[in-house]
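Below is one structure; the comments refer to it alone.
Only this structure's heavy atoms are used, side chains among them; waters, hydrogens and symmetry mates stay out.
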Amino acid sequence: NGKHPNILITGTPGTGKTKLASQLAEITKMKHINIGEVAANNECYDGYDENLDCKVLDEDKVLNCIESDMQKGNIIVDYHGSDFFDEDWFDIVFCLRAEIEVLNKRLEERGYNESKVKNNLESEIFQVLLEEARDSYDPDIVHELTSNNLSDVESNLIRITTWIRSWHADNDTDVDR
C-alpha cells in the first residue's frame with residue numbers, strides 16, 4: 001500500500017494478541033481488525049469443531065471481508081492463525097509467546113474445556129504458530145515477543161511503536177498522515 005504499514009499479531013490463544021493490538025491501535029491510531037470479531041459479525045463459519053468446542057472459520061469469507069481495508073493499509077490484524085492471509089498484506093508479523101503456566105491459567109479462566117486447553121498448550125510448547133508464521137512469510141519480518149505480564153505488554157508496545165516510526169522514516173511517510 002506504500003503509505004502505512006500493516007501488522008499481524010499472531011500467537012496461541014491466551015497470549016494477549018487482542019489486548020496488545022487494541023492498545024497499539026489506540027496509541028498509533030491504526031485500525032485494529034480482530035478476525036474473531038470479523039467472523040462473528042459476518043457469519044464467516046464453515047461448520048463446528050466438537051473436540052475444540054468452536055466454530056470452524058471460513059477463511060475465504062474472512063479474506064473477502066477485510067481485503068479492502070488491507071489494501072488501504074494502517075491495519076493491525078490479530079488472529080491465532082497466519083497461514084491463510086495474503087503474504088503481501090503484512091509488513092511485519094509479531095508472534096506472541098507465553099510461559100506454559102501463565103497460558104494454562106489464562107485458558108482455564110476463559111472456561112476452555114480440557115481438550116481445548118491441552119491442544120493450545122501443546123501448540124505453544126511446540127511453537128506451532130511461530131513456525132506457521134515463519135513458513136508463511138519472509139522469516140526476516142517475523143518476530144517473537146514474550147507476553148507473560150504487564151511489563152512485557154509495555155515493552156512490546158514500545159518495540160512495535162518504535163518499529164512503526166522506523167517504517168515511516170524508511171518509507172519517507174509521515175506517521176500522522
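Every residue two or more places apart in sequence or in another chain that forms a salt bridge (charged side-chain N to carboxylate O under 4.0 Å, His left out) with Lys118 is listed here: Glu122. Under the rule for a side-chain contact (heavy atoms from CB on, under 4.5 Å), the partners of Cys44 that lie at least two apart in sequence or sit in another chain are Ala39, Asn42, Lys61, Val62, Cys65. Remark: Val128 pairs with Ser123, Phe126 by the side-chain contact (heavy atoms from CB on, under 4.5 Å) rule, at least two apart or across chains.
By the 30° and 60° cut-offs, the orientation of the rings of Tyr137 relative to Phe90 is perpendicular.
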- request: Report the C-alpha distance between His168 and Thr173 in whole Å, list the side-chain angles of each, state the deciding distance to 0.1 Å, and finish with yes or no for side chain to side chain donor-acceptor pair (under 3.5 Å).
  value: CA-CA 5 Å; His168 282 287; Thr173 60; 2.6 Å; yes
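Val102 and Leu20 fall into different hydrophobic clusters, where Ile, Leu, Val, Met, Phe, Trp and Tyr side chains are chained together by heavy-atom contacts under 4.5 Å. Two different hydrophobic clusters hold Leu107 and Val153 under the rule that ILVMFWY side chains link at heavy-atom gaps under 4.5 Å. Grouping the Ile, Leu, Val, Met, Phe, Trp and Tyr side chains by contacts below 4.5 angstrom, directly or via other members, places Leu129 apart from Val142.
The shortest non-hydrogen separation linking His32 to Ala21 is NE2-CB, 3.4 Å.
Surrounding CD of Glu114 are at most 12 heavy atoms belonging to other residues, nucleotides or ligands under 6.0 Å away. Remark: Lys31 NZ is loosely packed, at most 12 non-hydrogen atoms of other residues, nucleotides or ligands lying under 6.0 Å away.
Between Arg134 and Glu144, at least one side-chain N (NZ, or NE/NH1/NH2) sits under 4.0 Å from a carboxylate O, which counts as a salt bridge. A salt bridge between Lys105 and Glu108 is absent, with no side-chain N of the basic residue lying under 4.0 Å from a carboxylate O of the acidic one.
Listed for the Asn6 side chain is a donor-acceptor partner under 3.5 Å among the backbone atoms of Met70. A donor-acceptor contact shorter than 3.5 Å links the side chain of Ser147 to the backbone of Thr15. Proximity of a side-chain donor or acceptor of Tyr79 to a complementary backbone N or O of Lys17 within less than 3.5 Å is not detected.
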